[in-house]
Amino acid sequence: MTRFRTRLLFALLTLIFAVLIGVGLLLGQLFKSYYLKAFDERLKKESEMISSYIEDNGGIRSLNQDKVNEFSDILDVRVTVSDSRGRILIDSSNKGATTQSRHQEIILEILRKEANDDQTGWEVAGGYNLYYYWQPVFAHGEKDGYLFLSTKMTETQQAYQQIWWILTISLGLSLFVIIMLGTRITARYTKPIESATKVAIELAKGNYRARTYEDQADETGMLSTSINVLARNLQEMVKAQEMQQDRLGALIENMGSSLILIDSRGYINLINRPYKEVFNVNPSEYLYKLYYEVIEHKGITDMIEEIFMTEQKAKKQLIIPVKIERRYFEVYGVPIIGMNDEWKGILLVFHDITELKKLEQMRKDFVANVSHELKTPITSIKGFSETLLDGAMEDKQALNDFLSIILKESDRLQSLIQDLLDLSKIEQQGFSLSIQPMNLTVAIEEVLAIMKGKALEKDIVIEYRKEETPVYIEGDVHRLKQVFINIISNAISYTPNQGIIYISLEETEKAVLAEVRDTGIGIEASEIPRIFERFYRIDKARSRNSGGTGLGLAIVKHLVEAHKGTITVKSEVGKGTSFKIGLPKKFLDINKENG
């Protein structure tokens with residue numbers, strides 16, 4: 001703004017200086033014209049006075065040298081009297097600056113020009129700087145001669161100089177005063193503009209707290225007031241927008257459902273925290289990428305394409321694999337259409353209905369599976385009991401075989417009921433573990449001792465790789481034994497004869513990692529998310545023949561999670577399956593961290 005003030009002041013001073021120069025020239029010319037006119041009038045009156053005197057005294061012949069010198073002294077001019085043809089008769093040469101011959105030439109030249117010009121004043125330059133004024137002298141009604149008055153122009157030049165000095169000093173003082181006043185006035189009127197400009201720049205930068213002074217009631221004051229009103233309005237609008245944005249952000253981030261926003265070009269612009277947590281995605285690898293490049297589930301991409309093509313909202317229930325389980329989602333998709341039917345993008349909301357589906361499926365599975373699982377042993381017990389009652393008990397061999405089968409089916413029925421009771425107890429909210437320090441190495445060795453006989457029946461080798469030093473953790477020893485018994489029992493059941501089961505134990509700073517890997521039949525990738533469901537079997541015939549209830553892995557999953565641990569599964573059909581269990585060393589510390 002300093003440049004603006006400088007330019008404004010320079011423009012004003014230039015204009016004022018030009019005006020003053022013009023006024024000075026005009027006044028100089030006016031003063032010069034006035035002085036010359038006054039000087040000319042003076043010489044005219046003096047010449048008329050002398051010529052009247054000469055005419056009254058009888059003409060030129062009545063003059064003498066003394067009288068002419070007297071006139072010259074009184075009027076301070078050179079007085080010359082000539083005849084009608086211009087020859088000098090009497091001259092007060094002592095007052096002149098020219099020679100007599102030059103003076104005669106000037107007089108003759110004046111008389112020659114008189115015939116063609118009516119003027120009675122003539123200025124002689126060329127180094128002489130003289131002014132001549134003449135008047136014809138008449139005697140008895142006839143022209144008797146001429147009277148010439150001549151004087152130097154020094155006085156005129158001195159008058160000119162004085163005029164210009166007065167004008168220069170006056171205009172200089174005026175210019176100085178104008179500069180001082182102009183600077184004050186310019187600063188007074190440009191300061192509010194500078195302040196308003198600075199505030200406008202701050203507003204453009206986003207500093208809506210900036211304000212300017214309001215100290216005048218003129219247009220600049222109105223400008224400052226308007227800038228301040230604008231700043232206050234912008235500040236209030238930004239506050240309201242930030243509040244709305246914070247509310248919207250808090251709502252989006254803390255809503256119970258997962259959300260994803262896709263723009264009109266198919267790029268993902270927003271995912272909320274539940275989406276990142278549920279689907280375990282990294283925002284840096286997900287945001288601003290095309291949806292079909294990062295979303296692997298075909299049902300979701302098909303739904304997005306359908307909304308893009310139809311521009312209509314859609315609703316679907318999808319089963320999406322998440323980590324090691326399958327989850328049920330009710331997905332709502334709506335197109336975002338702005339003003340003037342402008343296509344903005346798509347909003348997808350994922351409502352997790354897994355628990356509802358699980359409850360519904362649990363009820364169905366419980367009725368169907370329990371009925372199915374109870375039907376076989378009950379049918380066997382009933383059939384063999386009826387056979388014995390019909391007379392088969394008389395046959396000792398048949399009696400022993402039938403009673404053995406009845407006992408075996410009763411044990412299976414008891415195992416099923418016990419697993420159901422265990423699972424029901426584990427899933428209860430009041431379920432608690434008996435946490436105490438334990439040696440996990442010893443616990444696994446005790447489990448292997450229990451499972452040794454079952455492995456020998458199928459000629460299966462169990463290789464146990466453990467740490468050289470004991471591995472201590474805090475946990476429920478009986479429940480953890482139950483976990484490893486179920487996993488190792490499954491590995492034996494699904495591993496062909498003469499197979500191998502590898503068990504390893506690895507200790508880290510805060511956790512213990514246990515792995516049970518077999519060389520069994522393996523699991524299809526599509527079935528891995530379902531293996532922890534109740535009554536789900538990979539090979540139903542083999543599971544039933546081995547006495548399995550279909551509840552073992554469901555119990556394992558709940559017990560591991562109750563210990564704040566993790567369980568993961570990797571499998572390849574025909575090559576085997578690997579279960580990895582991670583257990584924290586300090587159970588109480590984990591509880592504190594989780595609050």
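Residue indices begin at 1 and follow the sequence shown. Not measured: the values here are computed from a predicted model.
Here the side chains of V137 and V81 are not in contact, with every heavy-atom distance at 4.5 Å or above. In this structure the side chain of F148 never reaches within 4.5 angstrom of the side chain of I106, judged on heavy atoms. Using a 4.5 Å heavy-atom threshold, the side chains of W343 and E311 count as touching. Residues K586 and K510 have side chains not in contact (no heavy-atom distance under 4.5 Å, counting atoms from C-beta outward). Side chains of K585 and V512 form a contact here, defined as non-hydrogen atoms less than 4.5 Å apart. Between I300 and I260 the shortest side-chain heavy-atom distance does not fall below 4.5 Å. For the pair W165/I169, a side-chain contact is recorded, criterion being any heavy-atom separation below 4.5 Å from C-beta on. Side-chain contact check for R327 versus V278: some heavy-atom pair is nearer than 4.5 Å.
Residues passing the salt bridge (Lys or Arg N to Asp or Glu O under 4.0 Å) test with K298 are D302, sequence neighbours excluded. Remark: F350 pairs with Y275, F279 by the ring-ring contact (aromatic ring centres under 6.0 Å, His included) rule, at least two apart or across chains. Partners of N272 according to the side chain to side chain donor-acceptor pair (under 3.5 Å) rule, which considers only residues two or more places apart in sequence or in another chain, do not exist here. Applying the ring-ring contact (aromatic ring centres under 6.0 Å, His included) criterion to H351, with sequence neighbours excluded, gives Y332.
S72 places a side-chain N or O within 3.5 Å of a backbone atom of V77 that can act as its donor or acceptor partner. Remark: side-chain polar atoms of S82 are not paired, donor with acceptor, to backbone N or O of L89 under 3.5 angstrom. Between the side chain of E253 and the backbone N or O of R273 there is at least one donor-acceptor pair closer than 3.5 Å. The main-chain N or O of A240 is never found under 3.5 Å from a side-chain atom of Q245 such that the two would form a donor-acceptor pair. Without hydrogens or angle criteria, H297 side chain to P321 main chain gives no donor-acceptor distance under 3.5 Å.
The stretch residues 167-181 participates, sequence neighbours left out, in no salt bridge (charged side-chain N to carboxylate O under 4.0 Å, His left out) pair at all. Residue pairs meeting the ring-ring contact (aromatic ring centres under 6.0 Å, His included) criterion with at least one member in residues 57-91, sequence neighbours excluded, are Y53-F71.
One distance of note links CD1 of I567 with NZ of K580; it measures 12.5 Å at 0.5 Å rounding. We find the NZ-CD1 distance between K313 and I346 to be 14.5 Å, quoted to the nearest 0.5 Å. Interatomic distance, CZ of R78 versus CG of D91, reported as 4.0 Å (0.5 Å rounding). Here CD of E330 is found 11.0 Å from CG of D352. Values are rounded to the nearest 0.5 Å. Note that CD1 of I320 is 9.0 Å distant from OG1 of T354, once rounded to the nearest 0.5 Å. For the atom pair I262 CD1 and L270 CG, the distance stands at 11.0 Å (nearest 0.5 Å).
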Next item on the list: Evaluate side-chain contact (heavy atoms from CB on, under 4.5 Å) for I307 paired with L348, printing each intermediate quantity in order.
Entry: CA-CA 10 Å; I307 298 173; L348 292 181; 4.2 Å; yes
Next item on the list: Decide yes or no on side-chain contact (heavy atoms from CB on, under 4.5 Å) for V79 and L147, but give the supporting numbers first.
Entry: CA-CA 7 Å; V79 180; L147 173 66; 3.7 Å; yes
Next item on the list: Begin from the C-alpha positions of L251 and R247 and carry the test side-chain contact (heavy atoms from CB on, under 4.5 Å) through to its verdict.
Entry: CA-CA 6 Å; L251 175 63; R247 290 175 179 174; over 6 Å; no
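Within a 6.0 Å sphere centred on CZ of F138, other residues, nucleotides and ligands contribute more than 12 heavy atoms. Dense packing is recorded around CD of E277, with more than 12 heavy atoms of other residues, nucleotides or ligands lying under 6.0 Å away. Within a 6.0 Å sphere centred on CD of E296, heavy atoms belonging to other residues, nucleotides or ligands number 12 at most. Residue M255 qualifies as enclosed at atom CE: its count of foreign heavy atoms under 6.0 Å is above 12. At most 12 heavy atoms of other shown residues, nucleotides or ligands fall within 6.0 angstrom of atom OH in Y267. For K316, the NZ atom counts as densely surrounded, since its 6.0 Å shell holds more than 12 non-hydrogen atoms of other residues, nucleotides or ligands. Remark: K570 NZ is loosely packed, at most 12 non-hydrogen atoms of other residues, nucleotides or ligands lying under 6.0 Å away.
We find that K239 and E242 are not joined by a salt bridge, their nearest charged nitrogen and carboxylate oxygen being 4.0 Å or further apart. A salt bridge is absent between R232 and E236; no separation between the charged side-chain nitrogens and carboxylate oxygens falls under 4.0 Å.
Closest heavy-atom contact between P335 and Q312: CD-C, 3.8 Å. Taking every heavy atom of both residues into account, A525 and P529 meet most closely at O-CD, 3.5 Å. Shown here for I88 and Q104, the closest heavy-atom pair between the two residues is CG1-OE1, 3.1 Å. Contact record, H563 with L583: CB-CD2, 4.1 Å, taken as the closest heavy-atom pair. Taking all atoms of both residues into account, the shortest heavy-atom contact from K276 to P283 is CD-CG, 3.2 Å.
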